[in-house]
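None of these values were measured; they are calculated from a predicted model.
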Amino acid sequence: AAKSGERHSPGISLNNNQSIAKMGDREREAAFEKIAQAAKKVEGAFSMTNAGLDDAFVRIFVQGALQPGAAPRLTEINLESNNISNPGFAALAEAIAKTPNLTSVKLRHQRTKPSVPNQDLFLKAMELNPSIIKMSVEMNRERSARRDKLESHNRDLKRKARLKAKTANKE
């Protein structure tokens, strides 16, 4: 969790940066560690699209920024158009299920589509974490319909909570 007095970034956008993909393994891992540490301080969205990210990045990002309480102000993750595959999808799905401040996760346009079991893990994450109101990840037709219903359900839960809080404040 953030320490008292620690500054937070209004968001991070590292889109269309292929320089990491050109680094050697040690350099890449060090860069991934720094990015994960920076993501802990984000207030709002973390976006790193079309940056050549892979499962190694996801492993470090999950361990650094998506542990419970690690990034309490991180609300959106956009890792679209990268090279994340099934091991990375599984790690992300498990982590976002336990990250209650996240409202939006964008993972479309990877070189590999999530397997059906990983699609199910993302749906389970939405069930376990009702703060997720937007989940952009490729799914088959049946699971896309289920995702749409979960997004609607989670938005309704959020709306009801706001109304309840508003009513409680008036009393």
Would you call S144 and R141 a side-chain contact if the rule is heavy atoms closer than 4.5 Å? no

Considering all heavy atoms, the nearest A39-A71 contact: O-CB, 3.8 Å

Begin with the C-alpha distance, continue with both residues' side-chain angles, and end with the deciding distance and a verdict on side-chain contact (heavy atoms from CB on, under 4.5 Å) for K98 and N129. CA-CA 7 Å; K98 302 171 191 168; N129 183 356; over 6 Å; no

Heavy atoms only: give me the nearest P100-S131 pair and the separation to one decimal. O-OG, 2.7 Å

For A93 and A125, the nearest pair of non-hydrogen atoms, with its separation, is O-CB, 3.4 Å

Quick one: does any side-chain atom of R147 pair with a main-chain N or O of V137 as donor and acceptor, under 3.5 Å? yes

Got a donor-acceptor contact below 3.5 angstrom from the N83 side chain to the R111 backbone? no

Separation between CZ (R143) and CD (E138), nearest 0.5 Å, reads 15.0 Å

Is the shortest heavy-atom distance from the side chain of L123 to the side chain of M139 under 4.5 Å? yes

Answer yes or no: is there a donor N or O on one side and an acceptor on the other, between the side chain of T167 and the main chain of L163, under 3.5 Å? yes

Would you check if the side chain of N82 reaches a backbone N or O of L79 as a donor-acceptor pair within less than 3.5 Å? yes

Between V62 and Q67, does a side-chain contact (heavy atoms from CB on, under 4.5 Å) hold up when you go through it step by step? CA-CA 7 Å; V62 164; Q67 292 302 307; 4.1 Å; yes

For K124, all residues meeting side chain to side chain contact (heavy atoms under 4.5 Å, CB included), sequence neighbours excluded: E127, L128

Using a 3.5 Å distance criterion without hydrogens, assess whether the side chain of N86 forms a donor-acceptor pair with backbone atoms of N118. no

Separation between CD1 (I84) and CZ (F89), nearest 0.5 Å, reads 6.0 Å

Residue pairs, two or more places apart or on separate chains, that pass salt bridge (Lys or Arg N to Asp or Glu O under 4.0 Å) and touch residues 22-32: R28-D54

Mind checking the CD1-CG spacing from I132 to N101? Nearest 0.5 Å is all I need. 10.0 Å

Just by distance, do the side chain of Q110 and the backbone of S85 share a donor-acceptor pair under 3.5 Å? no

Would you kindly confirm whether I60 and M23 end up in one hydrophobic cluster when ILVMFWY residues are joined by side chain heavy atoms under 4.5 Å apart? yes

Quick check: closest heavy atoms across G69 and P72, and the distance to 0.1 Å? O-CD, 3.6 Å

How many angstroms lie between atom CG of L107 and atom CD1 of I96, to the nearest 0.5 angstrom? 7.0 Å

Distance from E94 atom CD to L121 atom CG, nearest 0.5 Å? 6.0 Å

The side chain to side chain contact (heavy atoms under 4.5 Å, CB included) partner of L102 among I133, T75, I77 is I77

Distance-minimising heavy-atom pair for P130 and N154: O-CB, 3.2 Å

Give the ring-plane orientation class for F32 versus F57, where under 30° counts as parallel, over 60° as perpendicular and anything between as tilted. perpendicular

Going through the checks in order, is the side chain to side chain donor-acceptor pair (under 3.5 Å) test met by S47 and N15? CA-CA 6 Å; S47 182; N15 299 331; 2.8 Å; yes

Which heavy atom in A65 sits nearest to a heavy atom in A36, and how many Å separate them? CB-O, 3.7 Å

Derivation of the side-chain contact (heavy atoms from CB on, under 4.5 Å) call for E80 and N50: CA-CA 7 Å; E80 292 185 331; N50 194 30; over 6 Å; no

Got a second to check how far L150's CG is from R155's CZ, nearest 0.5 Å? 10.5 Å

Using side-chain heavy atoms (C-beta onward) and a distance below 4.5 Å, is T103 in contact with E76? yes

side-chain contact (heavy atoms from CB on, under 4.5 Å) between I20 and I35, intermediate numbers included: CA-CA 11 Å; I20 291 175; I35 292 166; 3.5 Å; yes

